[in-house]
Amino acid sequence: MSRHDDIQRMRELEKTLEYHSHKYYVENAPEISDRDFDILLRELQDLEDRYPEEVDPNSPTKRVGSDLTAEFESVEHRYPMQSLSNTYSSEELGEWIDRIVREIGEVEFVCELKFDGTAISLSYEDGVLSRAVTRGDGRRGDDVSNNVRTIGSVPLKLHSEGYPHSFDIRGEIYMPYASFDRLNSEREAAGEPLMANPRNAAAGTLKQQSSQVVAQRGLDCTLYNIAGDNLPFATHWEMLTAARSWGFKISEHMKLCSTREQIEAFIAYWDTERKNLPFATDGIVIKVNSYTHQRTLGSTAKAPRWAVAYKFQAERALTRLISVDFQVGRTGAITPVANLEPVQLAGTIVKRASIHNADQIAALDIRIGDMVYVEKGGEIIPKITEVELSERPSNSLPFEYITHCPECGSALVRYEGEAKHYCPNSTDCKPQIIGRITHFVGRKAMDIEGLGGETIELLWHSGLIKNIADIYDLDAVQLAALPRLGEKSAANILEGVRLSKDVPFERVLFALGIRFVGETTAKYLASHFRTLDAIAAATTEELAEAEEVGAKIAVAIVEYFAAEDNRDIIERLRHAGLKFEIEEKVQTSSLLEGKSVVISGKFVGRSRDDMKALVEEHGGRNLAAVSANVDFIVAGENMGPAKRQKAEKLGITILSEEEFMAIIDNQEANNKSESTKTEVTQQTTQQHLDDGKAIQGTLF
Ligand code: IVH
C-alpha cells in the first residue's frame with residue numbers, strides 16, 4: 001500500500017468510526033459489534049502511529065465516544081472518566097502482564113466482571129448523592145441525576161462512617177435480563193421496535209425524559225472505581241471493601257490474583273459461568289491493586305495503563321442452514337436472510353440470521369445444508385460468522401446468488417463500490433414502494449399517525465396510493481369505504497396528513513428517502529442550503545461543501561433530483577403545502593451589524609452551520625474566504641494553517657469559539673434583561689458578561 005492509499009484509508013476509517021460511535025453512543029442503535037468496532041479503531045491507531053503528521057486532532061482514537069444529547073444539562077466531570085484498553089487474546093493479556101512485571105516487579109491484580117451496561121459517575125458530598133453524570137466524551141457528560149435517583153441500588157445517603165468528605169464513584173448502570181425481557185415483551189405488545197440488547201436498553205432508559213419511566217424499567221447499578229483527592233486507601237481492593245460497607249453495590253465476583261495462571265483461571269471460569277448470571281457481562285477487567293503502582297504506571301490519553309479489559313469471544317452456536325430468503329428494502333437493496341434449524345443462543349432461540357451480501361456468502365463459502373456458526377453482535381438478528389467445513393455434506397454445491405429480484409423479476413444491478421445488489425425497478429417493485437411510503441410516514445419523518453404498515457399495504461392494493469405524494473390526495477369517502485377502515489380511522493388518517501404539513505423542512509428532507517440521507521445528514525443539508533430548491537440545484541461539489549456530506553451522498557442526491565418521477569413527486573408535495581424551506585430565525589440583535597465574519601474549522605459546542613446562523617441572527621454577514629474585508633474570524637479546532645497565516649498577515653482578529661460565544665451570550669443576556677427589566681445576577685452570566693465586554697472592547 002502506498003502512503004497515499006494509507007492516508008485515504010485513515011480518512012475513511014475516521015468517518016466510519018465516527019458514524020458507528022454516533023450509532024452506539026447517541027442513538028443507542030449500534031450496527032456493528034464492539035469487536036468489529038475495536039478492530040477498525042486499532043487499524044486507524046496503527047496508521048496514526050505510522051503517520052503521526054497526518055493525525056486529525058478530532059480523530060475517533062482521541063476520544064472515548066460521546067453520548068451527549070441536547071436534553072440533559074452537560075456538565076464537566078470533576079475527574080475525567082477514562083475508558084479501558086481491550087484485548088481479545090490471552091497472548092496480548094500475557095504481554096500486558098509482562099510489561100507491568102518488567103516495570104514494577106511482582107504485583108497483585110484484582111479481576112472483576114466487565115458489566116455490559118453504560119458507565120456512570122456518582123458524586124457524593126458529605127455522604128449524600130449530589131449528582132450522577134454519564135461518561136459523555138470523558139470530560140463532560142450529561143447530568144442524569146433525577147433518573148439515577150430512581151435506581152434502587154444507588155444509595156442516596158451513605159451508611160456507616162469513614163467515607164471521604166467529597167468523592168466520585170464510578171460504575172455501570174445495567175439492565176438485568178429479567179427487566180430486559182419484560183421491557184421487550186411490553187414493547188412487542190405495543191408494536192414498538194425491540195431493544196437489541198440489555199446494554200442499549202440501559203443506555204436508552206437512562207436518557208429518558210421522564211424519571212418515572214426510568215423507575216419502572218428495573219435498572220441496576222454496580223460500582224467499581226473511585227476518584228477523589230487524598231483518598232484513604234492503599235489498594236483498589238481495600239477501596240471496594242470500604243465502598244461496600246458504605247452501602248454501594250459492589251460485585252461479589254472478584255478475585256485477588258498474583259499470577260497469570262490465576263488470572264486465566266478466573267477468565268476461563270467466568271467465560272462459561274457468565275451464562276448463569278442474571279445480567280450481561282462481556283469480559284473480565286484486570287486492574288493493578290496497589291494505588292502506588294497505579295500511579296507509577298499512569299495513563300495514556302484514553303485509558304489507564306494499570307487496567308485492561310479482556311473481552312469474551314461472543315457466544316456462538318452451531319446449526320444447519322436450511323435456506324436463504326432475499327428481502328428487498330425501500331432503496332431496492334437486496335439482503336439475504338438465512339433460515340436456520342432453531343438453536344439456543346445467549347438466552348434466546350435463533351431461527352434466522354443475516355448474511356450481509358453476496359461477497360460475504362462467497363468469502364465464507366456458505367452453502368445450503370452447511371453447519372454454520374451464528375453469533376450475536378450488537379444487532380437483534382444474529383449473523384453467520386463461519387462454516388464448519390468438517391461437517392459439509394459431500395453432495396453440497398456452491399451457493400448461487402440470485403440474478404433477478406424475487407419480488408418483481410427485474411434483473412439485479414450492482415453499483416460501483418457497493419457490496420449489495422439492487423433491484424433497479426424503484427417505481428413498480430412492491431416492497432420498495434411500500435418501504436418508501438412507510439419510511440415517509442414514520443415517526444422521525446412525517447409522523448403521520450394512523451398510517452401503519454398494514455394500512456399502507458391496504459391503500460396500495462386498493463390503488464389509492466402508489467407513491468408518497470398520493471397520500472396528500474386521499475379523501476374521507478374513499479378511505480371510509482375500504483375494508484377494515486371506518487369513518488373514525490379515515491378521519492384519523494386525514495388529521496395526521498394535515499398535521500404533517502407543519503413538519504419542519506429537515507424532517508421532510510429525511511422523509512423523501514434519498515439514498516444515504518439519514519436524519520443527521522438531512523439536518524446538515526437543511527441548515528447549509530436552507531431550501532429544497534437550493535439542494536436540488538446544487539452540483540455534487542457544492543453538496544459536498546455541507547458538513548458530513550461526502551462524494552457518495554452528493555452523487556445520490558444529484559441522482560435523486562435528476563429522476564423525473566422524483567421531480568413530479570416533489571412538485572405535488574410542494575403543492576400540498578409541505579415545508580420546503582428551513583424556518584429562518586429572526587434577527588435578534590444588531591450586535592454584528594455591518595461586520596463580515598469567517599467561521600472556520602470544527603467546533604465543540606455546535607456545528608459550523610449553527611455558528612453561521614448565530615452570526616446572521618445578530619446581523620452579521622458570513623464570508624467564506626479570508627480577505628481584507630473580513631472583520632474577524634471565529635476559529636474552530638482545526639482551522640487550516642494557510643488561513644491562519646493569511647489572517648495574521650492581514651492583522652485580522654481571530655476569536656476562539658469560547659470568546660465568540662462570550663460575546664453572543666453577553667448580548668443575549670442584555671436582550672433578556674432589557675425585555676424583562678431584571679438584573680442579571682447569576683455569577684456565571686456575570687462572568688460571561690465581563691469576558692464578553694473585554695473581548696468586545698478589542699473588536700468594536
Ligand atoms: S474500570 C479507568 N471496571 O467498561 C478505568 N470498567 O470498556 C475505568 N466496565 O468505561 C473503568 N465493568 O463503562 C471498569 N469492572 C469494571 C467494568 C468497567 C464494565 C465498563 C466501563 C468502562 C468500559 C470500558
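What you see below is based on every heavy atom in this structure, not just the backbone, and it leaves out hydrogens, waters and symmetry mates. One-based numbering, in listed order, for ligands and for the atoms of each. Nothing here was measured: the structure is a model prediction, and the numbers come from that model.
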Review point. Parallel, tilted or perpendicular: which fits the ring planes of Y124 and F167, with parallel below 30° and perpendicular above 60°?
Key: parallel
Practice item. Assess the side chains of H236 and E112: does a donor N or O sit below 3.5 Å from an acceptor N or O? Key: yes
Study note, to complete from the structure: Any heavy atom of V285 under 4.0 Å from ligand 1? The part involved is side chain
Check your understanding: Does any N or O atom in F115 lie less than 3.5 angstrom from one in ligand 1, N or O only?
Key -> yes
Check your understanding: Is there a donor in the side chain of Q82 and an acceptor in the side chain of S299, or the other way round, less than 3.5 Å apart?
Key -> yes
**Study point:** Heavy-atom pair with the smallest gap, counting every atom of D137 and R140
**Key:** OD1-N, 2.9 Å
Exercise for review: Check side-chain contact (heavy atoms from CB on, under 4.5 Å) between A307 and all other residues, then give those that pass, not counting sequence neighbours.
Suggested key: L84, K287, P304
Check your understanding: If we only count N/O pairs under 3.5 Å, is E172 in contact with ligand 1?
Key -> yes
Check your understanding: Is E103 salt-bridged to R99, going by a charged N under 4.0 Å from an acidic O?
Key -> no
Point to revise | N or O pair under 3.5 Å between S83 and ligand 1 | key: no
Review point. Does A309 have a non-hydrogen atom less than 4.0 Å from ligand 1?
Key: no
Study note, to complete from the structure: Out of Q294, K287, K114, the nearest non-hydrogen contact to atom 3 (N) of ligand 1 is supplied by K287
Exercise for review: Applying side-chain contact (heavy atoms from CB on, under 4.5 Å), name anything that partners R305, two or more places apart in sequence or on another chain.
Suggested key: L297, T300
Revision key, fill the gap. Atoms of ligand 1 under 4.0 Å from any heavy atom of A119, numbered from 1 in the order shown, are 13 (O)
Review point. Any nitrogen or oxygen of N225, main chain or side chain, under 3.5 Å from a nitrogen or oxygen of ligand 1?
Key: no
Check your understanding: Quick one: does L113 get a heavy atom under 4.0 Å from ligand 1?
Key -> yes
Exercise for review: Check if R135 has a non-hydrogen atom at a distance under 4.0 Å from any atom of ligand 1.
Suggested key: yes
Exercise for review: Any atoms of ligand 1 less than 4.0 Å from a non-hydrogen atom of E112? List them with their elements.
Suggested key: 3 (N), 15 (N), 16 (C)
Point to revise | Minimum heavy-atom distance I349-P342, with the two atoms named | key: CG2-CB, 3.9 Å
